[in-house]
Amino acid sequence: PVIGFSLLDQRGAVAFGSNTQIEGSAVDLCGEGVIEIGIRRLSLLSGLFYVGFAAHSTDQAVQYHRFDNYYSIIIDPRRSFDGRVDMECRWRMLPTGNEVRGD
């Protein structure tokens, strides 16, 4: 089976989605257990999001379980930024002549 999750914004647009097939992680079903995913940092703008989960066959022809909009979460970023995602940026000044060129 393929196990996945998705984050949808309050308009229903997918903000992010991934699954074990995309990530190249095999799921070994040999009894009961827990599947855990670690997310280092949620880089989302503030707002309401819905989390969904799914388990399906590799060709997606068989849906074993699907929980659309199963949980709702509210994101309140610790810092202010403009846009849809929070991209961690580092700024530095370079002496003249060391500019990066985009040829």
Side-chain angles (χ1 to χ4, degrees):
V2 175
I3 310 298
F5 81 102
S6 62
L7 284 170
L8 280 67
D9 67 15
Q10 56 197 24
R11 295 174 300 182
V14 176
F16 183 80
S18 189
N19 63 44
T20 55
Q21 187 175 33
I22 292 169
E23 298 292 333
S25 299
V27 176
D28 184 15
L29 293 180
C30 51
E32 291 185 25
V34 174
I35 294 178
E36 179 180 271
I37 182 170
I39 300 171
R40 290 182 133 197
R41 184 172 179 255
L42 280 175
S43 301
L44 299 169
L45 74 158
S46 61
L48 176 65
F49 292 85
Y50 299 98
V51 183
F53 302 96
H56 56 77
S57 61
T58 55
D59 62 1
Q60 297 189 24
V62 179
Q63 296 288 318
Y64 303 118
H65 288 286
R66 186 169 198 88
F67 301 102
D68 292 325
N69 303 329
Y70 194 69
Y71 290 109
S72 62
I73 58 173
I74 295 174
I75 304 294
D76 186 16
R78 294 184 181 155
R79 65 187 194 107
S80 177
F81 58 92
D82 290 328
R84 298 190 52 93
V85 297
D86 180 5
M87 295 173 53
E88 189 174 320
C89 299
R90 291 191 171 90
W91 296 82
R92 65 183 180 151
M93 296 298 294
L94 299 173
T96 302
N98 292 330
E99 299 88 4
V100 176
R101 298 181 187 195
D103 295 329

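Start at 1 with the first residue, then count along the sequence.
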Residues which pass side-chain hydrogen bond (donor to acceptor under 3.5 Å, both in side chains) with Ser57, listed by chain and number, not counting sequence neighbours: Asp59
Can you tell me how far apart CZ (Phe49) and OG (Ser72) are? Round to the nearest 0.5 Å. 12.0 Å
With sequence neighbours left out, what residues match Ser25 under side chain to side chain contact (heavy atoms under 4.5 Å, CB included)? Thr20, Glu23
Passing option when Tyr50 is tested against Asn69, Leu7, Asp68 for side chain to side chain contact (heavy atoms under 4.5 Å, CB included): Asn69
Ring geometry between Tyr71 and Phe53 (parallel below 30°, tilted from 30 to 60°, perpendicular above 60°): perpendicular
What's the separation between atom CG in Leu48 and atom CZ in Arg11, rounded to the nearest 0.5 Å? 12.0 Å
Counting only heavy atoms from other residues, nucleotides and ligands, does the tally under 6.0 Å from OH of Tyr70 exceed 12? no
His56 and Asn19 have their tightest heavy-atom pair at NE2-ND2, 4.4 Å
Shortest non-hydrogen contact from Leu44 to Ile75? O-CG2, 3.8 Å
Please check if Val2 and Phe16 belong to a single hydrophobic cluster, counting links between Ile, Leu, Val, Met, Phe, Trp and Tyr side chain heavy atoms closer than 4.5 Å. no
Does the side chain of Ile39 reach to within under 4.5 Å of the side chain of Phe5, using non-hydrogen atoms? yes
At what distance, to the nearest 0.5 angstrom, does CG of Asp76 lie from OG of Ser46? 6.5 Å
CD1 on Ile35 to CD1 on Ile3, rounded to 0.5 Å: 4.0 Å
